Amino acid sequence: MRLNELLQEISPVSIFGDVNVNVTGVNIDSRLIEDGHLFVAMKGTQVDGHRFIDKAIEQGAKVILLEDMPEQRLPQVTYVEVESTEDCVGKVATAFYGFPSRKLRLVGVTGTNGKTTIATLLYNMFRKFGHKVGLLSTVCNYIDGETIPASHTTPDPIELNRLLAKMVESGCEYAFMECSSHAIHQRRIGGLEFAGGIFTNLTRDHLDYHKTFENYRDAKKMFFDGLSKKAFAIINVDDKNGLFMVQNTKAEVKTYSTRSLADFKAHILECHFEGMYLEVDGREVGVQFIGKFNVSNLLAVYGTAIMLGKKPEEILVVLSTLKSVNGRLDPIASPEGWTAIVDYAHTPDALENVLNAIHEVLNGKGQVITVCGAGGNRDKGKRPLMAQEAVRQSDKVIITSDNPRFEDPQEIINDMLAGLNSQQRKKVISIVDRKEAIRTAAMMASKGDVILIAGKGHEDYQEINGVKHHFDDHEVVRELFDEIK
């Protein structure tokens, strides 16, 4: 593709060099540059890409997109100066890959909790409808049936558009993706055209990056501000931030709720660990999920499918066949009659939701033992809040390691314990070794009890000092079952 075609999508401040040069690729990583590539010098949170311009040119870059025009320039290289490379990279990437989001119906899901569940269920539902579908999620990316491992909730703009272009090439008609607050704020989704957007809920998270809750909230709102009048926005009005998200959107707004008037509404008729019976917009359906928060997730899926043209009756038939996403309220029954539940809950609100769901089923007929921790090098303010929530809704709590990353695991545990008073601490023990913590919970459990193992869910590793060691909560539980036998 010629550079002058790509430049139609942005507004350069100045240009030095040939704008008719052929661009063979676009990259933000100088190590991946090949002959004829365009290198985008990004000013990231950790590293300034301008430092690697010379390296990119050595690798074969013929075009440099940058914010600071150098005084000395090479005649064989074209330099394009812009006000913000962060703002331009997505627009350039989507143009280079042929505007893939225009060639399928792309729906983004944002909010603190529920993004992975909703995006994955929509992907599974539309495949059951017979469509070819793409998925971009925390757990994994899929191009119809092809699995592509995920390293971030939302990939960088170039990888994102490359994946969307592969989806189009593979014949995908729909794509569903999680849109994290980081990705929205860093404009990783810049230049994409969404058919619709979903807002789930908003609670404290990622304040290590956003610094304040208001900044975090406003980053989410940016997504809806950017939707076109041809798009739809589906919001959870049970969350007080729902209507705030769509104050300035041009999209058609639809609402969902489990407790107030809304376009899409549902409530629980019966609840068991195997699933629930729901009434959705006046129709009864059995689903293989538990918890009020999952009713909200299913309503978001239901409403989105309707906005994408599906009929209520056919949506509910498929909804009844769908299963929970890996690591989200996964029940594992023990030979001794207690149940382990593995869940990704890693915020105070998510922990509250999962424990509420467990109590809805137990109805006072068994004890709840919670095993949880908090991630290292992340928002420290939520650590004591998570401990408080675990203690509030559990009979016994074991605080342990999650992904300590580059922090001392015991210090993270101490931060959690600091949120508890002397009375609350009587319910709590701390064990740094996560496997030993799960084993101890199993020794405490009796028939009819539930052990919640929270924080890692689908993850099959523990990150310690920059190294990912294999660790899977599911595997640990099943190994304990083998020992019991």
Side-chain angles (χ1 to χ4, degrees), residues 87 90 101 105-119 121-122 136-138 153-154 175-207 209-266 292-308 347-350 352-353 379:
D87 186 53
S101 61
R105 302 195 75 183
L106 175 65
V107 176
V109 189
T110 196
T112 305
N113 300 312
K115 297 187 297 296
T116 301
T117 294
I118 291 168
L121 293 181
L122 282 165
L136 295 156
S137 83
T138 303
T153 301
T154 313
F176 302 101
M177 69 177 288
E178 296 182 49
C179 296
S180 70
S181 58
H182 291 68
I184 299 166
H185 185 255
Q186 295 168 6
R187 294 175 173 80
R188 285 186 231 158
I189 58 174
L192 299 183
E193 296 185 18
F194 288 88
I198 302 165
F199 170 72
T200 62
N201 49 65
L202 203 69
T203 59
R204 182 188 179 116
D205 203 8
H206 301 307
L207 298 198
Y209 175 83
H210 295 288
K211 307 305 179 189
T212 69
F213 181 81
E214 288 72 23
N215 289 344
Y216 175 51
R217 177 198 65 191
D218 293 347
K220 298 286 190 186
K221 183 176 178 291
M222 283 171 61
F223 172 65
F224 296 94
D225 290 350
L227 294 177
S228 75
K229 62 181 181 181
K230 295 185 291 184
F232 61 83
I234 295 181
I235 59 166
N236 178 8
V237 289
D238 291 339
D239 187 289
K240 62 184 179 183
N241 296 287
L243 292 172
F244 174 83
M245 290 292 148
V246 292
Q247 280 180 346
N248 304 111
T249 192
K250 301 182 189 72
E252 179 184 0
V253 176
K254 294 289 183 181
T255 59
Y256 66 93
S257 171
T258 61
R259 56 176 186 256
S260 58
L261 289 173
D263 295 301
F264 310 114
K265 199 170 183 320
K292 288 180 182 176
F293 71 98
N294 266 325
V295 181
S296 292
N297 291 337
L298 293 171
L299 269 177
V301 171
Y302 172 81
T304 301
I306 284 179
M307 296 305 292
L308 291 172
T347 66
D349 181 68
E352 178 186 15
N353 285 337
D379 176 17

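Values below: every heavy atom of this structure, side chains too, minus hydrogens, waters and symmetry copies. All of these numbers come straight from a predicted model, not from anything done at the bench.
To the nearest 0.5 angstrom, T258 atom OG1 is 4.0 Å from D238 atom CG. Atom CD1 of residue I235 and atom CZ of residue F244 lie 12.0 Å apart, to the nearest 0.5 angstrom. Atom CZ of F223 is separated from atom CD1 of I189 by 5.5 Å, given to the nearest 0.5 angstrom. With rounding to the nearest 0.5 angstrom, the CG atom of N236 is 9.5 Å from the OG1 atom of T255. Atoms CG and CG, from N297 and L121 in turn, are 7.5 Å apart once rounded to the nearest 0.5 Å. Atom CZ of F176 is separated from atom CD1 of I118 by 12.0 Å, given to the nearest 0.5 angstrom.
Remark: side-chain polar atoms of T200 are not paired, donor with acceptor, to backbone N or O of K115 under 3.5 angstrom. Under the 3.5 Å distance criterion, the side-chain polar atoms of R187 are left unmatched by any main-chain donor or acceptor of G90. No donor-acceptor distance shorter than 3.5 angstrom exists from the side chain of T110 to the backbone of K220, with no hydrogens or angles considered. Looking only at distances, no side-chain donor or acceptor of S181 sits under 3.5 Å from a matching main-chain atom of Y216.
Side-chain atoms of D218 and N215 include no donor-acceptor pair closer than 3.5 Å. Side chain to side chain, N294 and T117 fail the donor-acceptor criterion of an N or O pair below 3.5 Å. A donor-acceptor contact closer than 3.5 angstrom is absent between the side chains of N201 and D349.
Counting all heavy atoms, side chain and backbone alike, A233 lies closest to A251 at N-CB, 4.0 Å. The nearest pair of heavy atoms linking A266 to V295 is CB-CG1, 3.8 Å. A pairwise comparison of heavy atoms in G197 and L227 identifies N-CD1, 4.1 Å as the closest pair. Contact between A231 and G196 at its shortest, heavy atoms only, is CB-N, 4.3 Å. S101 and G191 make their closest contact through OG-O, 4.4 Å (heavy atoms, listed as atom of the first residue, atom of the second, distance). Annotation for S260 and V237: closest pair OG-CG2, 4.2 Å, computed over non-hydrogen atoms.
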Take K221 and N241, measure what side chain to side chain donor-acceptor pair (under 3.5 Å) needs, and give me the verdict at the end. CA-CA 9 Å; K221 183 176 178 291; N241 296 287; over 6 Å; no
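For the pair M245/R217, a side-chain contact is recorded, criterion being any heavy-atom separation below 4.5 Å from C-beta on. Between I306 and F264 the shortest side-chain heavy-atom distance falls below 4.5 Å. Contact check for V109 versus T304: no side-chain heavy atoms found under the 4.5 Å cut-off. Between L106 and E193, the closest side-chain pair of non-hydrogen atoms is not below 4.5 Å. V246 has its side chain out of reach of F199: every pair of non-hydrogen atoms, C-beta onward, lies at least 4.5 Å apart. Within the 4.5 Å cutoff, side-chain heavy atoms of M177 are placed close to those of F194.
More than 12 heavy atoms of other residues, nucleotides or ligands shown are found within 6.0 angstrom of NZ on K265.
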